[in-house]
Amino acid sequence: MVLDSKFFDRCAEKVAYDLIGSRLNWRSGDKSYSRIITETEAYTGPDDLASHAAKGRTKRNEPMFGPPGIFYVYFVYGAHWMLNIVTGPVEFPAAVLIRGIAGIQGPGRVTKALSINGNLNRKLVTKKTGVWFSKPSGPMKHKVSRSSRVGIAYAGPIGSMRPYRFTLDLK
DNA sequence: ACGATGATGAAC
DNA sequence: TTCATCATCGTA
C-alpha cells in the first residue's frame with residue numbers, strides 16, 4: 001500500500017520508526033525501482049536542538065512548517081542533497097531524514113543514486129511526483145534499533161543524546 | 001584523519 | 001558583505 005499524507009501526519013519519531021522496513025520507490029524514465037528503507041532519523045520540532053527548526057522559521061527550513069507528506073530537500077557541505085519528508089501536524093516543524101536504503105548507506109548516496117536534487121523540495125510525496133513510499137499491508141517481521149543521531153554535534157551533549165536514529169536490525 | 005565545496009544564517 | 005558552519009563523503 002502506498003503511504004499517503006495521513007501516514008505522515010503523525011509525530012516524526014513514529015514515522016521514522018515505521019519507515020524502517022517500508023519501501024522507497026522511484027521512477028527513472030519509464031522504469032520504477034523500489035528498495036527497503038534501512039536507516040532514518042527524526043527531527044522532532046522547534047525544541048529539538050539538532051533540527052534546523054531550532055532556529056525558527058527560515059527560508060531554507062520553510063518546508064518543515066508545511067503540510068505532512070511533502071519533501072524537504074536541502075544541500076549541505078557544498079556537495080550533498082538530503083532527502084527528508086515532512087511530518088505532521090501542519091505548522092509544526094518536523095521531518096524524517098532518509099539515511100539509507102538496501103545496498104545504499106548514507107543520505108548523500110541515496111539522493112545521488114536516485115538523482116534527487118532541490119527540484120523535489122516542497123513537492124508532495126505521491127507516485128505522480130516520481131518518488132513515493134509503500135509498505136506491505138500485512139504485518140512486518142523485523143527488528144528496529146534506535147540510537148543517537150549522526151553529525152549533529154552542534155546540538156550539544158543534551159540535544160545529541162536523543163535516540164532518534166532508527167536502523168533495520170539484520171538478524 | 002582531513003579537505004572539498006557552496007549554500008545558509010548571523011553578525012557587522 | 002563577510003564569516004563560520006554544516007542532518008557528508010571520498011581519499012589517504
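So that the names make sense, note that chain A is the first sequence line, chain B the second, and so on, each numbered from 1.
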(request) With pairs defined as Watson-Crick or G-U wobble and both distances under 3.5 angstrom, please note down DNA chain B as a dot-bracket string, | for pairing with another strand. (result) ||||.||||||.
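Not a single donor-acceptor contact under 3.5 angstrom links the side-chain atoms of A:His80 to the base of C:dA7. In this model, a side-chain donor or acceptor of A:Tyr74 finds a partner on the base of C:dA7 within 3.5 Å.
Rounding to whole angstrom units, NZ of residue A:Lys55 and P of B:dA11 are separated by 10 Å. Rounded to an integer number of Å, the gap from A:Ile98 CD1 to C:dA7 P is 17 Å. Across the protein-nucleic acid pair, A:Arg57 atom CZ and B:dT8 atom C1' stand 17 Å apart, rounded to whole Å. Counting to the nearest Å, the P atom of C:dG10 and the NZ atom of A:Lys112 are 6 Å from each other. Summarising the geometry, the separation between CH2 on A:Trp81 and C1' on B:dT5 is reported as 13 Å, rounded to the nearest angstrom. Atom CG in A:Leu83 sits roughly 15 Å away from atom C1' in C:dT8 (whole-Å rounding). Summarising the geometry, the separation between CE on A:Met82 and P on B:dT8 is reported as 14 Å, rounded to the nearest angstrom. Straight-line distance from the NE2 atom of A:His52 to the C1' atom of C:dA7: 5 Å, rounded to whole Å.
Side chains of A:Trp81 and A:Val110 form no contact here, defined as non-hydrogen atoms less than 4.5 Å apart. With a 4.5 Å cut-off on side-chain heavy atoms, A:Gln105 and A:Glu39 count as touching. Counting only heavy atoms from C-beta outward, the side chains of A:Val73 and A:Ile116 approach each other to under 4.5 Å. No side-chain heavy atom of A:Asn121 sits less than 4.5 Å from a side-chain heavy atom of A:Lys123. Looking at A:Leu97 and A:Tyr164, their side chains never come closer than 4.5 Å, going by heavy atoms from C-beta outward. The closest side-chain heavy-atom distance from A:Phe133 to A:Phe8 is below 4.5 Å.
A:Tyr154 has a side-chain polar atom (N or O) that falls below the 4.0 Å cut-off from OP1 or OP2 of C:dA7. Contact annotation: A:Arg165 does not reach the phosphate of C:dA7 (side-chain N/O to OP1 or OP2, under 4.0 Å).
Taking the ring axis of A:Tyr43 as reference, the NZ or CZ atom of A:Arg149 stays within 45° of it and closer than 6.0 Å to the ring centre.
A donor-acceptor contact closer than 3.5 angstrom links the side chains of A:Arg23 and A:Ser34.
Relative to the side chain of A:Lys59, the nucleotides C:dC9, B:dG9, C:dC6 differ in distance, and B:dG9 lies closest. Across C:dA7, C:dG10, B:dA10, the shortest atom-to-atom separation from the side chain of A:Tyr72 is found for C:dA7. You'll find that the side chain of A:Pro107 is closest to C:dC9, out of B:dG9, C:dA7, C:dC9.
At the heavy-atom level, A:Arg60 lies under 4.0 Å from the strands shown only through sugar-phosphate atoms. Counting any heavy atom pair closer than 4.0 Å across all strands shown, A:Ile152 reaches sugar-phosphate atoms only and no base atom.
Mapping A:Gly108 and A:Ala153 onto DNA chain C by nearest heavy atom places A:Ala153 at the nucleotide closer to the 5' end.
Judged by centroid separation below 5.5 Å and plane tilt below 30°, A:Tyr43 stacks onto the base of C:dA7.
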